[in-house]
Every structure is written in C-alpha cells, then in structure tokens.
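Worksheet: the structure to be examined is printed underneath.
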Amino acid sequence: MTAGLTTAQLTEKHRPTLDQALDAIRTRAYWSPFPEHPKAYGAEGAVPGSLSAAEGQAAFEALRGERFELDQPGTDGWAGTEVSPFGIELGIEYPHPAVDELLPALRAAMPQWREAGPEARAAVCLEILARINARSHEFAHAVMHTSGQAFMMAFQAGGPHAQDRGLEAVAYAYAEQVRTPGSADWSKPQGKRDPLELRKEFTAVPRGVSLLIGCNTFPTWNGFPGLFASLATGNAVLVKPHPRAVLPLALTVRIAREVLREAGFSPDLVALAAERDGEGIAKSLAVRPEIRIIDYTGSTAFGDWLEANARQAQVFTEKAGVNTVVIDSTDDYKGLLGNLAFSLSLYSGQMCTTPQNFLIPRGGITTDAGPKSYDEVVTDLAAAVQGLLGDDARANGLLGAIVNDQVKERIDAAGRLGEVALASRAVENPDFPGATVRTPVIVKLDGAKPDAEAAYFSECFGPVSFAVAVDSAADAVELLRRTVREKGAMTVGAYTTSPEVERLVEEACLEECAQLSLNLTGGVFVNQTAAFSDFHGSGGNPAANAALCDGAFVANRFRTVEVRRPV
C-alpha cells in the first residue's frame, strides 16, 4: 500500500477476503487465504511482494543487537532480555513505556477510529494482516527464537495459521457490529393522530483501551485473536508481550502502526509495552482505569488473579487444563499409536492442547490387532514415540527446544512420580548446540491409588504424560468428567469402537463443555485446531473463559449506543 491510500480503496482491496472469511465462519468449511507452505513466499511464490526464505532470515538477523524503534509516545528508556531457547543471544532493546503518557495517547486515538465504522476498520486490519503475511519468513525466525518452536512449526503456527486466527477474529467482529443497522426510521401509528416518527442511529462504541498480555510459547497464534478482535471493534490496543517473547509482537505493532498511519489514522491505536527483567508490569497495567479489555494466555494463577482483580475490564483468559484421552478400543491400533506419538512429540508437548493423561482400562482394550493389555498399550505407545523420534534430525524438526528451565525441571522430576514407561533423552541439535532438546517421558500410574492423583490431577506442562490405569471405560469417563469440571481441559480425545462408550464420552464433554476429538488415527491431531472451523477452547470449563473464536469473544468489546431524533 502506498502512503495515503484511502479506507475506501482498502475496502475495495480486501472486501472479497472479508466476504470469504464471513462465509467460512458460517459454513465451518476449510478455507485460508494465507498459504502455509514456505515456498509460496518470495519472488517465485504465490504471495506478491513477500520475503523469500533468505530475505526473511536476513531481516531477522538485521534486528539482532539493535534497538527496535517504534516512534511511539511515552517512552522512558529501553528494555530487552530475550535469549533464544536455541541458545543464541538476540540482544534487541525495545522502548519501555511511560504508562502515564502512553495510555492517554491511545485513548486520544480512538474517536476517529470509532467514527470510521466497522467496514473501514476491518479493511485496515486486513491490510495489517496482509503485510504480516508477506513477512512470514521473518516472523518464523522471530517466533522460533523466542518460543523454541522448530522452524517449520514456527513458520506455520506463528505465521499463516496465526494470521488465519487474526482474520477469523476480524470476521466475527465485523459480523457482530453490523448485526444492528447503522440507522432506522421508526413510525408508530396513533390512530387518527399523526404517527410518532423517529430517526434512530446506532453506533458500535468501543469499550476503551485493550491490554494484550502475550505468552511465551505462541506469541502470535494466541495473541492475534484478541489484538484484532479489539482493534476491529474500535478499541486501541496496548500489547504487553511476555518478556521472553517480545520480538514477534513488536514486529506486529510496528506493521500495524505503519498501516494505520498510511491509512490516515493515529498510529497510537496500537502500541508496545515491553518490560524490564522482573518488572511485572502486567499486574499494574491490568487494574488501570483506562484498561477496559484484557486478553491473557498463561498460568492459571495469574489468570485467576486477573479475573478477580481487574474488575473494570472485560477479561478473556486462556489458562491451564489437564487434557485427557480415553482409550477404550480401536479398529486401527497402529494409527492410534502413531497419532498419539506425534501429538506427544510436537513442540515437545509445550502446547496448551497436548494430551497429558491417557485413561486405559487395567483389563486392557480390544483392537484390530487383537486384545492388548494395559501394559502392552503403554509399551507400544512408548515404542511409537521412540520410533518417531529415533532419528535425531527428524526429532529436532518435531521437538524444537525446551522453552524454559521450568519445563526441563518437570521432565527431570517425572521419574519420581511413578514407573517410567518411556524415559526422556537429550537430543543434540548440530545447528544450535546451545539448545535444550528433550524427548517425551511417559509415566505409569494407578488411578485407584490416592497418591497417584496428585500427579495426574494437575497440569504438568511440557513433554510429560501419564498412562493412568482405571477399572473400566465407564470409570475412565467419570474421571474424565471430574477432571474437566475441576481442572479444565482445552482438548479431550477418545478412542472407542463402542457406540455406548462414545455416547458416554460425548455426553460428558457436552455437559462439562470440552472440545472432543474421536478416533483420530490419521493426519489430524488432537492438539491442532483450524481457524474458521474449529473452536479453540470452549469458555465453559476452568481452562479458559473464552473460545477462539466465536461471537462471545468479540461482542463484549463494544456496546451499541443509540441516538434518536424526531423526524
């Protein structure tokens, strides 16, 4: 886009994409405007003006060791503490916010943005996403070296899939805002007298400044929905990244500010709040009266604190849960093992959707390969993980790097919780000798023993899972139900050839409000969700109070204000 391109021109450019997105969230069919293959980018690719792999890496390298200028108001110094989980120093400094100056600037930018209306705001948001998409290779390195994701996952999940989630939020935001017409003529008959006539105007009015509190593991995938939902509904957004994952969201803020300025709006509608080591500014920002919306992904403890204390704001949280898989029976035992092995290994299990507890009847299961005892199922699952990760090059491509020391400590402590069915091993990464790469650990536990409950009944984030022996499939469903109700779950999986067991599992998930995947044995995995079709989280159990993305995720970010006049 050239400087000075009008919102009308942006609308003409992006309206077809918006219409397709609106159709996709209605039909729930597969669709994405952003190619997920790296070869689609660059001079020979399908995305015009996009960076090639070499250009993206060069752009990332040029950022290292430099100050990340944003030209935003209210800067009182510099902050930056990022070190790549792959062992390289980033050395990037970001503007540190003088909050008392920055927040008024965000508020002052909102009236013009409100008056622009839903369609113009959506068009500007889509231009921001299009520019981010063109730099997907640069974002891939930024996500990789802040989250520890392997490159291909960082490219896809941190790039096009995150952009899909942002566009999905824009589509929902637009749909909710235009549900009410901009104006209406109202005439009430009065018999022989003249009718009562009013002209009514309805305006979607933003709540105020939105605070995005980013996470370490998926800064863009988890961050884009809230950012674009708030921006598309007329709010200014203050982006507070996780201190170990600033760069992907800083790049997002820079691009957003450029587009807003060129479209004739204040760039201060989007700003960055980077913090110094140990500063913890999220807590003080969250209770500021200017902050009216909060989007948060992270620990249950701080999510609960936000919900209890940030009473002036509408708070959307994704916290922790205990994801569970019921294994009752299968007609594709090999597919079951391969599917679960991949789910456990992807990004070293450092996903909020990775399964943790496998509930297996102690009497065994029926399969197309004959009956399998509890011990055989666990042994075969361990062997499937070993087979998948036996080659170090393939292991590095799936596992990425351990994101922080806390995850490593959980891996090391897992052996003290029960009998180890699969021990974790260290994997050397020749490209990044400083990376900590570890394979999953599987621990056997007896669900009937009270001391085992302390292990499997709390989240153990990372590549640690528990094979829990239960008395029957019915007992497994009851434990599943209790787990979701008390601890929450982002995902639930089940394998069964029994219509009755399937009905019990489905009923438990419907009653406890958990997203269920049944009998996945192919290339779709329980810990992956597709924008425009799948709901990430439900908002109905303790793991999260919102879903990405539905109407409820966007509707409370604005209110409709009416002005009526006599005709």
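For reference, positions follow the sequence shown, starting with 1. Just so it is clear, the values below take in all heavy atoms, side chains as well, and ignore hydrogens, waters and symmetry mates. Just so you know, these numbers come straight off a predicted model, no measurement behind them.
Side-chain atoms of Val124 and Trp113, non-hydrogen and from C-beta on, do get closer than 4.5 Å to each other. Between Thr203 and Thr560, the closest side-chain pair of non-hydrogen atoms is not below 4.5 Å. Under the 4.5 Å side-chain criterion, counting only non-hydrogen atoms from C-beta, Thr300 is not in contact with Thr317. At a threshold of 4.5 Å between non-hydrogen side-chain atoms, the residues Leu167 and Gln163 do not count as touching. Side-chain contact between Leu106 and Leu269 is absent, with no heavy atoms from C-beta onward closer than 4.5 Å. Counting only heavy atoms from C-beta outward, the side chains of Asn133 and Tyr41 approach each other to under 4.5 Å. You'll find the side chain of Phe553 stays beyond 4.5 Å of the side chain of Tyr172, heavy atoms only.
Evaluation of the salt bridge (charged side-chain N to carboxylate O under 4.0 Å, His left out) test over residues 159-181, restricted to residues two or more places apart or in two chains, returns Arg165-Glu168, Glu176-Arg179. Pairs of residues two or more places apart, or lying in two chains, that qualify as salt bridge (charged side-chain N to carboxylate O under 4.0 Å, His left out) and include a residue from residues 221-250 are Lys240-Glu275. Within the structure, salt bridge (charged side-chain N to carboxylate O under 4.0 Å, His left out) pairs that include any residue of residues 278-290 comprise Asp100-Arg288, Arg288-Glu290 (at least two apart or interchain). Applying the salt bridge (charged side-chain N to carboxylate O under 4.0 Å, His left out) rule to pairs touching residues 198-211 yields Asp185-Arg199, Glu201-Arg565, sequence neighbours excluded.
Judged as a ring pair (Phe, Tyr, Trp, His ring centres under 6.0 Å), and not counting sequence neighbours, Trp78 has no contacts. Contacts of Ala547 classified as side chain to side chain contact (heavy atoms under 4.5 Å, CB included), with partners at least two apart in sequence or in another chain: Asp550. Scanning for ring pair (Phe, Tyr, Trp, His ring centres under 6.0 Å) contacts around His145 gives Phe60, Phe86, Phe432, with sequence neighbours left out. For Tyr94, the ring pair (Phe, Tyr, Trp, His ring centres under 6.0 Å) partners two or more places apart in sequence, or in a different chain, are Phe68. Annotation: side chain to side chain donor-acceptor pair (under 3.5 Å) contacts of Thr297 (sequence neighbours excluded): none. Residues forming a side chain to side chain donor-acceptor pair (under 3.5 Å) with His161 (at least two apart in sequence, or on another chain): Glu36. Evaluation of the ring pair (Phe, Tyr, Trp, His ring centres under 6.0 Å) rule for Phe461 yields no partner, not counting sequence neighbours.
By the 4.0 Å N-to-carboxylate-O rule, Glu127 lies close enough to Arg131 to be salt-bridged with it. Using a cutoff of 4.0 Å between basic side-chain nitrogens and carboxylate oxygens, Arg15 and Glu119 are scored as salt-bridged. Ion pair Glu82/Arg64 not flagged as a salt bridge, since none of the NZ, NE, NH1 or NH2 atoms sits closer than 4.0 Å to an Asp/Glu carboxylate oxygen.
For the pair Arg114 and Phe558, the cation does not sit on the ring face, since its NZ or CZ is not both under 6.0 Å from the ring centre and inside 45° of the axis.
Side chain to side chain, Glu318 and Asn222 meet the donor-acceptor criterion of an N or O pair below 3.5 Å.
Atom CD of Gln112 has more than 12 neighbouring heavy atoms from other residues, nucleotides or ligands inside a 6.0 Å radius. More than 12 heavy atoms of other residues, nucleotides or ligands shown are found within 6.0 angstrom of CZ on Arg559. Other residues, nucleotides and ligands place more than 12 heavy atoms under 6.0 Å from the CD atom of Gln190.
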Q) After noting the C-alpha distance and the side-chain angles of Arg564 and Glu197, does the key distance pass the salt bridge (charged side-chain N to carboxylate O under 4.0 Å, His left out) rule? A) CA-CA 10 Å; Arg564 55 187 186 171; Glu197 294 185 337; over 6 Å; no
Compile the donor-acceptor pairs under 3.5 Å between side chains in residues 224-233 and protein atoms, sequence neighbours left out, one pair per line.
residue : atom : partner : partner atom : Å
Ser230  : OG   : Ser210  : OG           : 2.8
Ser230  : OG   : Gly226  : O            : 3.4
Ser230  : OG   : Arg557  : NH1          : 2.7
Thr233  : OG1  : Ala229  : O            : 2.7
Thr233  : OG1  : Ser230  : O            : 3.0
Thr233  : OG1  : Asn235  : ND2          : 3.0

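Evaluated for a side chain to side chain donor-acceptor pair (under 3.5 Å) with Arg257, the options Thr252, Asp71, Asp268 yield exactly one hit, Asp268.
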